[in-house]
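Heads up, the thing below is written out as structure tokens.
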Amino acid sequence: MLPPNGRVPEGIDPSDIPAHVACVMDGNGRWASQRGLPRTEGHAAGEEALLDTVNGALDLGIRWLTMFAFSTENWRRPADEVRYLMGFNESLLMRRRDELNDKGVQILFAGRRDWRVPRRVLRRMDESIALTRDNRRMTLTMAFNYGGRAEIVDAVRALVTEGVVANKIDERAIRSHLYYPDQPDPDLVIRTSGEYRISNFLLWQLAYSELVFTDVLWPDFRREQLFEAVAEYQRRERRFGRVKQ
Ligand code: IPE
Ligand code: IPE
Ligand code: MG
């Protein structure tokens with residue numbers, strides 16, 4: 001699929017753009033520490049990185065972009081940092097949703113809506129979903145209070161609740177009960193900050209994703225790093241268990 005505005009940078013094949021890119025936005029705390037700042041300043045600085053990545057993805061014509069913003073394990077952080085992250089994500093939505101809406105971005109959230117997520121954050125999420133529901137240029141899914149294991153548990157619970165019998169439970173049945181069953185699996189997953197792990201992100205979906213790791217700390221990530229990751233993706237050979245043709 002050709003991108004809508006044709007601003008694909010040199011070195012990237014416009015006929016091989018990944019449909020779905022997912023990012024683990026990591027390294028905010030270290031970015032801040034390196035500058036003698038509190039960790040929260042690193043989260044604040046990550047906002048520019050997020051918006052520039054979205055704009056770069058729009059330039060490339062990426063259809064689905066999923067960003068890991070808060071994991072089911074991040075509740076284990078100091079209460080002050082968790083409180084900051086809740087307020088920050090809420091205000092980010094208020095500040096940025098109109099701009100994203102104007103660009104034709106649909107906003108969705110993947111994760112558990114449990115009692116730990118403040119009501120006002122849930123309200124901003126619902127408002128953002130409603131505002132952008134008809135947008136089709138790109139779907140931006142924020143993984144918030146998200147865990148890959150929790151998502152699989154939720155899918156299995158839904159199947160049991162529906163009374164699905166054991167021999168009807170197959171990969172299709174589980175997939176169709178994930179949070180967004182209609183989204184394709186990520187073609188490319190990017191993790192920043194030099195950590196080589198998945199940290200409970202999209203466990204089911206990334207069975208055959210291409211993984212790209214970069215040492216860049218999330219607040220320093222910009223569309224150029226996205227383009228580099230896509231170029232690296234295009235050099236890979238995806239086999240899905242088959243042998244090379
Ligand atoms: C990622 O940056 C943001 C969240 C997990 C919310 P970190 O806060 O994990 O930054 P580091 O890994 O400690 O540097
Ligand atoms: C993963 O980063 C979660 C998000 C980016 C939101 P973490 O910083 O929480 O992961 P670990 O603890 O280093 O594995
Ligand atoms: Mg981290």
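One-based numbering, in listed order, for ligands and for the atoms of each.
- The part of R191 lying near ligand 2 is the side chain, judged by heavy-atom distances below 4.0 Å.
- The distance from ligand 2 to the heavy atoms of F70 drops below 4.0 Å at these ligand atoms: 6 (C).
- For F213 and Y196, the ring centers sit closer than 6.0 Å to each other.
- The nearest N, O or S atom of D26 is closer to the Mg ion (ligand 3) than 2.8 Å.
- Contacts of L217 with ligand 1, taken as heavy-atom pairs under 4.0 Å, are absent altogether.
- Residues R133 and A130 share a closest heavy-atom pair of CG-O, 3.3 Å.
- Proximity of a side-chain donor or acceptor of E232 to a complementary backbone N or O of V212 within less than 3.5 Å is not detected.
- Here the heavy atom of the protein found nearest to atom 10 (O) of ligand 1 is G29 N, 2.9 Å.
- Those atoms of ligand 2 that come under 4.0 Å of a heavy atom in V24, given as number and element, are 1 (C), 5 (C).
- When only non-hydrogen protein atoms are considered, atom 13 (O) of ligand 2 lies nearest to R197 NH2, 2.8 Å.
- At a 4.0 Å heavy-atom cut-off, ligand 1 touches A69 through the backbone alone.
- A side-chain N or O of N74 and one of S71 form a donor-acceptor pair less than 3.5 Å apart.
- Heavy-atom separations between R77 and ligand 2 include at least one value shorter than 4.0 Å.
- What sits closest to atom 2 (O) of ligand 1 on the protein, heavy atoms only, is N28 N, 3.2 Å.
- Between S199 and R191, the side chains place a donor N or O and an acceptor N or O closer than 3.5 Å (distance only, hydrogens not considered).
- Both tests do not hold together for R77 against W75: distance to the six-membered ring centre under 6.0 Å, angle to the ring axis within 45°.
- For N74, no nitrogen or oxygen atom sits less than 3.5 Å from a nitrogen or oxygen atom of ligand 1, counting backbone and side chain alike.
- Proximity of S193 to ligand 1 is not established, as no heavy-atom distance is less than 4.0 Å.
- At the top of the distance list for atom 14 (O) of ligand 2, counting protein heavy atoms only, stands S199 OG, 2.6 Å.
- For the atom pair L65 CG and T141 OG1, the distance stands at 8.0 Å (nearest 0.5 Å).
- Contacts with ligand 2 closer than 4.0 Å are made by no heavy atom of F201, backbone or side chain.
- If you number the atoms of ligand 2 from 1 as listed, the ones under 4.0 Å from a heavy atom of D26 come out as 2 (O), 8 (O).
- Within the structure, ligand 1 has R39 among the residues with a heavy atom less than 4.0 angstrom away.
- Remark: the Q183 side chain and the Q205 side chain contain no N/O donor-acceptor pair separated by less than 3.5 Å.
- Taking 4.0 Å as the cut-off between side-chain N and carboxylate O, D114 and R112 do not count as a salt-bridged pair.
- Residue S71 has no N or O atom closer than 3.5 Å to an N or O atom of ligand 2.
- Between the side chains of N200 and Y146, no donor-acceptor pair of N or O atoms lies under 3.5 Å.
- Remark: minimum distance from atom 5 (C) of ligand 2 to any protein heavy atom is reached at M25 O, 3.3 Å.
- There is no side-chain donor-acceptor pair under 3.5 Å between K103 and N135.
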